[in-house]
Each structure stands twice: as structure tokens, then as C-alpha cells.
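First the structure, in the form of C-alpha cells, and then the observations on it.
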There are 2 protein chains.
Amino acid sequence: MAARQQSIFKALADPTRRSIIRTLRKGSLTAGELAEQFPITRASLSHHFAILKAADLVRTERRGQHIVYSLNATVMEEMMALLMDLFAPETAGDKKQKGGGAR
Amino acid sequence: MAARQQSIFKALADPTRRSIIRTLRKGSLTAGELAEQFPITRASLSHHFAILKAADLVRTERRGQHIVYSLNATVMEEMMALLMDLFAPETAGDKKQKGGGAR
DNA sequence: CCGTAATTTAGATAATTATCTAAATATTTG
DNA sequence: CAAATATTTAGATAATTATCTAAATTACGG
């Protein structure tokens, strides 16, 4: 559970990946179409895709020889929950931490 | 403007820093009091404090020989705005990006 | 002022990560 | 099946970053 949280925050830490997300808001695109928008190699983009997928921020679907990337629609809600958990004043499911350094 | 956004997402990407934020929800603490909660050196924590401060997620106030850390109260709202900007469907202030790779 | 306590800064190191090129895999079409 | 196209995987490298120890800074109390 904490692992998913970490994967999401990590995924959002990179500006290229945030840019991919913003691009996908307008609609799903194939890896190639996405690649046209970014000045890095397709291999590097593929690496970013994998990280976004691992965080379940995007979903994929094969369509013929293309792979279509879409935003995971439920993500907005999840992010709200994460933010609440981070900033909201003290919830029930909260643990004190001392010597369990998160890393 | 994009720089601040990056500094915030970067700051939140580290689990120790998120833990610091959660700890500060319960109230302001001195650097030393915070240090008691974490299994890393004070020097390392100071580094994390600097990053949180650079993102303006926490504020500091000197009180005698102590330095008191507090959550920046407006941050929740700012994060909402960032999320909207990331996920919400197409705002006015949006720029297309092609060859200006965010980095 | 001097000594002590609190915190940060400097400098070094190890781990992580973003990127590249080259090669591998998967899918369609002739 | 062979050739072409789309995408990912492998392996290497350079940059970033989390952490440490040691030293510097800042403030207080006698």
C-alpha cells in the first residue's frame, strides 16, 4: 500500500512524465504519436511509460501493431486521497513512526 | 512557475520527506524534535528540510537556539491546483509542447 | 567571553535514475 | 514465411541525490 503511494509520487516527480500525462488528457495516443511530441528517443520514452504504468497512472491496450496509451480515469480520485493522507489533520489509520525510516 | 511545480513534486517524491510532512500535521516541531522521530542523522534531515523549504512546503522560525518547523498552511490548496493542472481536462492556460522537453 | 547545545554546511561516497545506442520482440502485409 | 513497422528490452554512461562524518555557525547561560 505504501509501495503504490511511492510509485505514484515517484512517477510524478519527473517533468517529462507529467508532460505525458498532460498530453494524454486530450485523449489516448499510441506510443509513436506520443513520441512525436517529445525530443527524446523512443527507448527513453518507453522507460517513462513503464514507470507510469507501474504506478497505474496510465493503461495500455494493443491495437494491431500499435500500443495505445490512456490516462487511468480513476487516478484523480486516488491522488486526492493521497493528498488528504499527506496533509489532512490526523486520520484514524495513522501510524506514528520512530525508527522505521520509510526508505 | 514551472520551477516551483517541479520543486514541489520533487520534494514529495521522497518517503522521508512525506513522513516529515505527516509528522508536522500534528503541530510544529523543532529540528531536534523531528530528528528524534527519524533514524537518519541530523545532517541528512537538514538536507531534507532544505528541500521542503525550497518548495515552500514548510516554514521555519528561529526560537532561541531552536529552529521551529511548521507546515505551510496554504499548501493543500496549491497541491489541489497542481493536480487540477495535471489531470483536469484542458484549461485555458495550457501550452502544447513539441521539442521543448520539460527538462 | 567560554563552553555547551542545536542546527546547518562542506565534502565524499554509494545508490538511483534518465538517457543513449543497439538488439530483440511482436504484428501486419505482400 | 520474409520484409517492414512499432515498441520494448539490454547494457552502458552521466547526472542526480540520499546519506554519512567532520567542521562551521548560531544562540544561550553562567
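In what follows, chains are A, B, ... by sequence order, proteins preceding strands, each numbered from 1.
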Test salt bridge (Lys or Arg N to Asp or Glu O under 4.0 Å) applied to B/Glu33 - qualifying residues, sequence neighbours left out: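 None.
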* To do: Please name all residues satisfying salt bridge (Lys or Arg N to Asp or Glu O under 4.0 Å) with A/Glu61, sequence neighbours left out, ordered by chain then number.
  =>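 Only A/Arg63 meet the salt bridge (Lys or Arg N to Asp or Glu O under 4.0 Å) criterion with A/Glu61.
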Checklist line | Nearest-nucleotide pick for A/Thr41, side chain only, options being C/dT9, C/dC20, C/dT19 | finding: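 Among the listed nucleotides, the one closest to the side chain of A/Thr41 is C/dC20.
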Check your understanding: Of all the choices, D/dA18, D/dT16, D/dT8, which nucleotide is nearest to the side chain of B/His48 once you look at every atom?
Key ->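 Side chain of B/His48 sits closest to D/dA18.
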Just to be sure I understand the geometry, which residues of residues 49-61 of chain A put a non-hydrogen atom under 4.0 Å away from DNA chain D?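 Contacts with DNA chain D under 4.0 Å: A/Phe49.
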- Residue pairs involving residues 47-68 of chain B (criterion ring pair (Phe, Tyr, Trp, His ring centres under 6.0 Å); sequence neighbours excluded):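 Found B/Phe49-B/Tyr69.
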* Selection residues 69-84 of chain B - residue pairs positive for salt bridge (Lys or Arg N to Asp or Glu O under 4.0 Å), sequence neighbours left out ->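 As it turns out, the salt bridge (Lys or Arg N to Asp or Glu O under 4.0 Å) pairs with a partner in residues 69-84 of chain B, which skip direct neighbours, are B/Arg4-B/Glu78.
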**Study point:** salt bridge (Lys or Arg N to Asp or Glu O under 4.0 Å) contacts touching residues 42-51 of chain B (sequence neighbours left out)
**Key:**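 Output for this query is empty, none listed.
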Taking side-chain hydrogen bond (donor to acceptor under 3.5 Å, both in side chains) as the test, write out the residues that go with [X], two or more places apart.
X: B/Ser70; answer: B/Ser28
X: A/Ser7; answer: none
X: A/Ser46; answer: none

In B/S/- notation (B base, S sugar-phosphate only, - none; protein heavy atoms under 4.0 Å), nucleotides 22-30 of chain C written 5' to 3' is B---SBS--
Note to self: The test is side chain to side chain contact (heavy atoms under 4.5 Å, CB included); show your working for B/Val75 and B/Ile8 and say whether it passes.
What the structure shows: CA-CA 10 Å; B/Val75 145; B/Ile8 290 181; over 6 Å; no
With the criterion being N/O to N/O and under 3.5 Å, what pairs connect the protein with nucleotides 23-25 of chain D, and how long is each?
none

